[in-house]
K.L.:
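The structure follows.
Note that the structure is a prediction, hence the values are computed from the model and not measured.
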Amino acid sequence: MTPQEEILKLRKELEQHNYNYYVLSQPTISDYDFDQMMHRLQDLELFYPQYADPNSPTQRVGSDLTQTFRTVRHKYPMLSLANTYNEADVRDFYERVRTGLEGEPFEICAEMKYDGLSISLTYIDGQLTQAVTRGDGVQGDDVTNNVRMIRSIPLRLKEGSGYPHEFEIRGEILMPWASFEALNEQRAKTGEDLFANPRNAASGTLKSQKSRVVAERGLDAYLYYLLGDEIPADGGHYENLHMAADWGFKISQGMKKCKTVEEVLEFIEYWDTERKNLPVATDGIVLKVNSLRQQRHLGYTAKSPRWAIAYKFKAERECTRLNEVTYQVGRTGAITPVANMNPVQLAGTVVKRASLHNADIIRQLDLHIGDMVYVEKGGEIIPKVVGVDVSQRTPDMQPVQFITHCPECGTPLIRVEGEAAHYCPNDSTCPPQIKGRIEHFISRKAMNIDSLGPETVDDYWQRGLIHDVADLYTLRVADICGPNRNRIKSAQKVVDSIEASKQVPFERVVFALGIRFVGETTAKLLARSFKNIDALKDATLEQLLEVDGVGQVIAESIIRYFHDEKCLDVLQRLRDAGLQMSLSEESLAGHTDKLAGQSIVISGVFAKHSRDEYKALIEQHGGKNVGSISKNTTFVLAGENMGPAKLEKAQKLGVRIVNEEEFLEMIE
């Protein structure tokens, strides 16, 4: 067998194993055997680069190279569906279809409405050539490189399965519950913001600038609509999707052709409960006239097809018993009450705890221990208690009393006027606050000490190796290892990572300090306004208030921080350790006030610099990057293919549009 023949054979076999595992959920070989085949193919492709193929299974690990997304116009517009939430609307839709077809018999194809990100895939000669997001329905972003990382999307269709020369298939990209929970658990450990729900996580992942991120996060995809000049014009939607399944696509297993409105309603009722057992999030049922000929006859309104409608499920709500309320202490000292309940299944997961947010919420709900409470997930990560079934309350149940002292250190709690939360003011010796500040300090957006995590921080704390962030810079390999010499390699990695953090720029050091209310953006503004830590430490209230985005609460918090002897001691030890306590000469040399006080939106694709480079230039010259257009936007920096929705809004509000050349002239 020649090298080329072996490469082609391995690719074909690995594609089949991928299909068995990710589409059919029926693997036929072990993970070890699969990995051995993959390693062999990788070696062959390395030695014989002339046989490279972007659709090879080896390319599904992704890369760390950043990318930009060009805007692509859809061949067929991606319209949205009209929504309904009740049985009466479903019956009305059915009658409208009957009237529109003038009494001709018809079938409704009922299928799951997956809660993800719409995608359009184009295949030519059985190979994936382009993947485009829905965008505004007329044009979307080309995310082909990222979509190649999703293993349930075939890169090459099954040979001999009868697919057309060219066609488009649409579907939904999702993050399964298991992947979502694992991702949020990982982000919590590294101090990153959690994703609100699987849909947001899928959207954020698909738009990642690094395809490796997409490959690691376990996205999935279900395909639900077939388009193209070579698709049988007189066929049925249900039949087309099963034909696509034969080509290698993953389609919904919960599809049914219904002949009556009663069958449709039975289907909805069944899946309203059964969907909780699915591995992915769903938010409704899509109803489509099955016949493509009848779809064309019914046509479209300006915004949606007349032959389809989406029935949306109501937010999931369950009733369960409140057993107790416990209290958590965050890194800022904020106290969060948590409802501990009998386990109940909600939106695909078992829920035992729900945030109660603050004392006001407890009072508004009039909670009593032992109450039967209503819990909703409704897109939130942490489920919330939304009501109480007071009819089941008995006289012996006691109302929930918010605590008066910190559950960790016993310090009396305080509540700042105008704020909802209670705080523990003992930020010097309250363990969760100290460990929380250390976890924030080492997080990716702060000092980025990636060899440490919450468990390691807790271990070092328990062993007395660290008591605050400055202690990190006194750690030695021997301290970390102790008597266990097997940990030398990992200990050295920790020490090296801590040493490398001394080069983290000043603005991230300001963020890492964990000053209450000072987020990542505010830290940048402060660093650029005051240039060094001494100027920031000595700033007056009036000087702080002059910084764009700094209000009274933030300014007072900064002053409190720099008047705390414990904080000043930690700061001095960090300075002695060699952290960056001022803007670098390079930053100072290029910094100007040419865009000071200006809020700028970036849209489109650029020729001379990437979007990230333009964002950095805006900040370098004193401007502020904002994500959406409002009356306060100074101008829009627009490249090719500026989003039509943004263009329309800018014109409506009279916001100036600036092109690439004009912008570069501004900052020369």
K.L.:
With sequence neighbours excluded, what pairs up with D534 under the salt bridge (charged side-chain N to carboxylate O under 4.0 Å, His left out) test?
P.N.:
R575

K.L.:
Can we say E439 and R331 salt-bridge, meaning some charged N sits less than 4.0 Å from an Asp/Glu carboxylate O?
P.N.:
no

K.L.:
Going by the angle between their ring planes, with limits at 30° and 60°, are F663 and F635 parallel, tilted or perpendicular?
P.N.:
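Judged by the thresholds at 30° and 60°, the geometry between F663 and F635 is tilted.
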
K.L.:
Compare all side-chain heavy atoms of L117 with those of K207 and state whether any distance is below 4.5 angstrom.
P.N.:
no

K.L.:
Have Q364 and D360 got a donor and an acceptor in their side chains that come within less than 3.5 Å?
P.N.:
no

K.L.:
Give a yes or no on whether the backbone of T474 and the side-chain of R476 come within a donor-acceptor separation of less than 3.5 Å.
P.N.:
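Yes, R476 side chain to T474 backbone: donor-acceptor pair under 3.5 Å.
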
K.L.:
Are the charged groups of D564 and R560 less than 4.0 angstrom apart, N to O?
P.N.:
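No, no charged N to carboxylate O under 4.0 Å.
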
K.L.:
With no hydrogens and no angle check, is any side-chain donor or acceptor of K649 less than 3.5 Å from a backbone partner on I629?
P.N.:
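Yes; judged by distance alone, with no hydrogens or angles, the pair exists.
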
K.L.:
Salt bridge (charged side-chain N to carboxylate O under 4.0 Å, His left out) with E408: which residues, sequence neighbours excluded?
P.N.:
none

K.L.:
Does T456 use its side chain to pair, donor to acceptor, with the backbone of L452 at less than 3.5 Å?
P.N.:
no

K.L.:
Would you say T634 and K624 make side-chain contact, with heavy atoms under 4.5 Å?
P.N.:
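No. Closest side-chain heavy atoms not under 4.5 Å.
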
K.L.:
Please list all pairs meeting ring-ring contact (aromatic ring centres under 6.0 Å, His included) that have one or both residues in residues 544-566, counting only residues at least two apart or in different chains.
P.N.:
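ring-ring contact (aromatic ring centres under 6.0 Å, His included) check on residues 544-566 returns no pairs.
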
